[in-house]
Amino acid sequence: MSKDLTKRADDFSKWYNDIVAKAGLAEHSAVRGCMVIKPSGYAIWEKMQQTLDKMFKDTGHVNAYFPLFIPKSFFSKEASHVDGFAKECAVVTHYRLKNADGEIVVDPEAKLEEELIVRPTSETIIWNTYRGWVQSYRDLPILVNQWANVVRWEMRTRLFLRTAEFLWQEGHTAHASAQEAIEETERMLDVYAHFAENYMAMPVVKGKKTPNERFAGALDTYCIEAMLQDGKALQAGTSHFLGQNFAKAFDVKFAAKDGALDYVWASSWGVSTRLMGALIMSHSDDNGLVIPPKLAPTQVVIVPIYKGDEGLAKINEAVAPIKQKLEAKGISVKYDNRDSQRPGWKFAEYEMQGVPVRIAIGERDLQSLTVEVARRDELSKQVMPIEGLEQAIEKLLTDIQNNLFKKALERREKTTHTVHTFDEFKQALEKGGFVSAHWDGTPETEQKIKEETKATIRCIPLNNKQESGTCVYSGKASTQRVLFAIAY
RNA sequence: CGGGGUGUAGCGUAGCCCGGUUAUCGCGCCUGCUUUGGGAGCAGGAGGUCGUGUGUUCGAAUCACACCACCCCGACCA
C-alpha cells in the first residue's frame, strides 16, 4: 500500500507534517516542543553545515565553543536584549537530585547561588569573554563562529520551523570601527543569500528589518526572506549590526593607534535548523521530499530489476563499474540491491526521500547497454546509454539544481504583487506571496496593518528603488516600497 | 499561555453517547512458497499498560476529575 501524503492543496500544514514524518526527517520527542532529528534529516543538516562552515572559513572566520549556561546577571546587562528574550528562557535553579522515599526529587539543599539561563543566544556570554581578549586594535577583528544548540521556550512549535531547542550557528565578531562591523554584517548576509540560492536553490530577498522586527539589542537587523509554496514568507537567516551595545554592556574597550580608548563594534549572524523547514516547503511536492542535488546526502540511487539470485548477480556486476565511475566524479551513490523490497516500492520510497536521480537497471538494459534514469524534480524518465553515463548524470544533477531554483524563482515572482491601495493590499494578501507597497515609515502604521491583516513588513529590500508615493494605509508620503507578507 | 479538538498494536482506525463474553478492521511486522520494469500474491503467525494517574462502580476503552502529548485558532517569537 502507498504511504499517502496529504496533498498540498488540501492542507499544506498537514502535508508538511506528513512529509517530515514519512521522509523520516524528524519526530517529536518525549520533551514538549523538542524534536528528534532522525538520520535522514540530520544528514541534510550536516550537508548544510559543511557547506556553510567552509564559506565561513573562506571569509576568515574560525570556530570556537562557548557554554550552554549563562549566568542570569549577564543577561540583564543589555536592556533591550533582556526584554526580547526574558519570556522564553529556561532557567537552571538546582544542581542535584536526591532519592526521597523511592522518589527522585530536586534536592532543595542544592539551590544555585546564581541561577543559570540556558542560552537562547550567546551574545552576553561571548561579550563577557571578549572583554578579556581585547585590549588593542591589534587584537581586532575577532571573527568567531560557533555551532551550537539554543533553547527558546516556545509556546507553539512546529518541527524544524520553530522548536524549543534548535541547532544553529552564531557568528560573533568584534571590530575597531562601525564601518568594518557593518561591512561584516553585510558580507555575512551575502554569504547566507549565496548559500540559499546556490545550494538550497531557494531565492531570497536581502533586506533590512524595520525597528519593530529588529533583533533585541541590535542597531540594524538584516535578513534573507524566502517565499514558500503556500504563499507565506520565512525569515531564513539574519545578520545584525550590534553597534557598541554589547561592548558597552560588558565593558569591552580597545586602544586605537592614536591611544584613544573606545568601545568595540560588533556583529552577530545566524542560521538554524529552520533552514530544513525552508528547504522542504520550497521544493517538495505531493510525492514527497525534493532535495536539491548540492544538499542531497544521496544524489543518485541505483535500483536493480531482476529475476532470481543469478539475475541479481549479473546486475550487481554491471552496476559496480557504473557506481565507481559516478563516485569518481564526486557523486554520492547508493546501490539498493536489497531483496526484501520490490522495485516499485523502492521507487516510491526514494521519491518520498527526495533523492534527485534514480537509475533503474534490469535484464533488458544489460542487452541494450542502457539504464533508465528518472529525475525527482520533474518525475520524468529517460533511457540513457551506460557509455558516458557519469557525464550525463553529472550534467543532469546540475540541471536539476538549476531547475529547482528557476521554478522557485518563477513562483516567487508570480506571487509578488505590487499594490497601490489598501483594498488591493488585502486582496493580494489573500492570494499569498509578497506584497510590495508604500509605507509611511512609522511603527504605528506597521502595527495597525499587522492587526488588521496579520501581515508584517518582511523587509525593506537592500538597494531598494527610491520612488515617491503614498502609504497604502495612512496615505502619507512615502519614499519607497517595502515587502509585506504573512510569515511563519 | 487562552479557546476548541484528538489520544485504542509500529501506522491508520471501529467500539465510547447508552459501562457487562476473548477489544474491530486495514496497512506494516514474522515464517514459508510463488514473485520482482511503479508501493506483489497466497497460506500461516506474533503483537495491546485502550495516553498517564486518581476516583465512581460488583464491573471502566466506555462515566468524572487532574495531568501529559499532539492538531487547529489566537497572543508571543528565528
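Reminder, nothing fancy here: chain letters follow the sequence lines and each chain counts from 1.
- At a cut-off of 3.5 angstrom, counting only N and O atoms as typed in the model, there is no donor on one side facing an acceptor on the other between the side-chain of Q341(A) and the base of G39(B).
- For R162(A) against C77(B), a side-chain-to-base donor-acceptor contact under 3.5 Å is present.
- Here G12(B) sits opposite C25(B) as a Watson-Crick or G-U wobble pair (both hydrogen-bonding atom distances under 3.5 Å).
- Between the P atoms of C63(B) and G20(B), the separation comes to 11 Å (whole Å).
- Aromatic ring centres of Y192(A) and F195(A) lie farther apart than the 6.0 Å criterion allows.
- Base pairing analysis places G55(B) opposite C63(B); the two distances defining the Watson-Crick or G-U wobble pair are each below 3.5 Å.
- Around atom NZ of K47(A), more than 12 heavy atoms belonging to other residues, nucleotides or ligands sit under 6.0 Å away.
- Rounded to whole Å, the separation between the C1' atoms of A23(B) and G47(B) comes to 14 Å.
- Of the candidates G38(B), G37(B), G39(B), G37(B) carries the atom nearest the R364(A) side chain, counting heavy atoms from C-beta on.
- Of the candidate nucleotides C77(B), G38(B), G39(B), G38(B) has the atom lying nearest to any side-chain atom of R358(A).
- Out of C76(B), G39(B), C71(B), the shortest distance to the side chain of H28(A) is found at C71(B).
- Heavy atoms of E88(A) sit under 4.0 angstrom from primed sugar atoms or phosphate atoms, though from no base atom.
- Here, G48(B) and C11(B) have their P atoms 14 Å apart, quoted to the whole Å.
- A40(B): Watson-Crick or G-U partner is U34(B), with both key distances under 3.5 Å.
- Residues V303(A) and I359(A) fail the side-chain proximity criterion, which asks for heavy atoms closer than 4.5 Å.
- In this structure, F215(A) reaches neither bases nor backbone, as no heavy-atom distance under 4.0 Å exists between it and the strands shown.
- Across all strands shown, G74(B) forms a Watson-Crick or G-U wobble pair with C1(B), both key distances being under 3.5 Å.
- Side-chain N/O atoms of R342(A) include one lying less than 4.0 angstrom from OP1 or OP2 on A40(B).
- Scanning atom types as modelled, no donor and acceptor separated by under 3.5 angstrom connect the side chain of K381(A) and the base of G37(B).
- Taking atom P in both G44(B) and G26(B), one finds a spacing of 13 Å when rounded to whole Å.
- Under the Watson-Crick or G-U wobble criterion, with both distances below 3.5 Å, G47(B) is left unpaired in every strand shown.
- Of the candidate nucleotides G39(B), C72(B), U36(B), C72(B) has the atom nearest to the side chain of N17(A).
- Contact of E349(A) with G39(B) (side chain to base): a donor-acceptor pair of N or O atoms is detected under 3.5 Å.
- Judged by Watson-Crick or G-U wobble contacts below 3.5 Å, the nucleotide G19(B) has no partner.
- For C71(B), the OP1/OP2 oxygens have no side-chain nitrogen or oxygen of S13(A) closer than 4.0 Å.
- Taking the six-membered ring where the residue is Trp, W168(A) and F166(A) present perpendicular rings, their angle passing 60° and hence far from 30°.
- Aromatic ring centroids of F215(A) and H81(A) lie under 6.0 Å apart.
- For the pair T238(A) and W269(A), the minimum side-chain heavy-atom distance is 4.5 Å or more.
- Between R32(A) and A69(B) there is a side-chain polar atom (N or O) within less than 4.0 angstrom of OP1 or OP2.
- Considering only side-chain N and O atoms, R156(A) lies nowhere under 4.0 angstrom from the phosphate OP1 or OP2 of C71(B).
- Taking atom C1' in both A9(B) and C50(B), one finds a spacing of 10 Å when rounded to whole Å.
- Base pairing annotation: G7(B) forms a Watson-Crick or G-U wobble pair with C68(B), both donor-acceptor distances under 3.5 Å.
- Rounded to a whole angstrom, the distance from the C1' atom of C42(B) to that of G38(B) is 22 Å.
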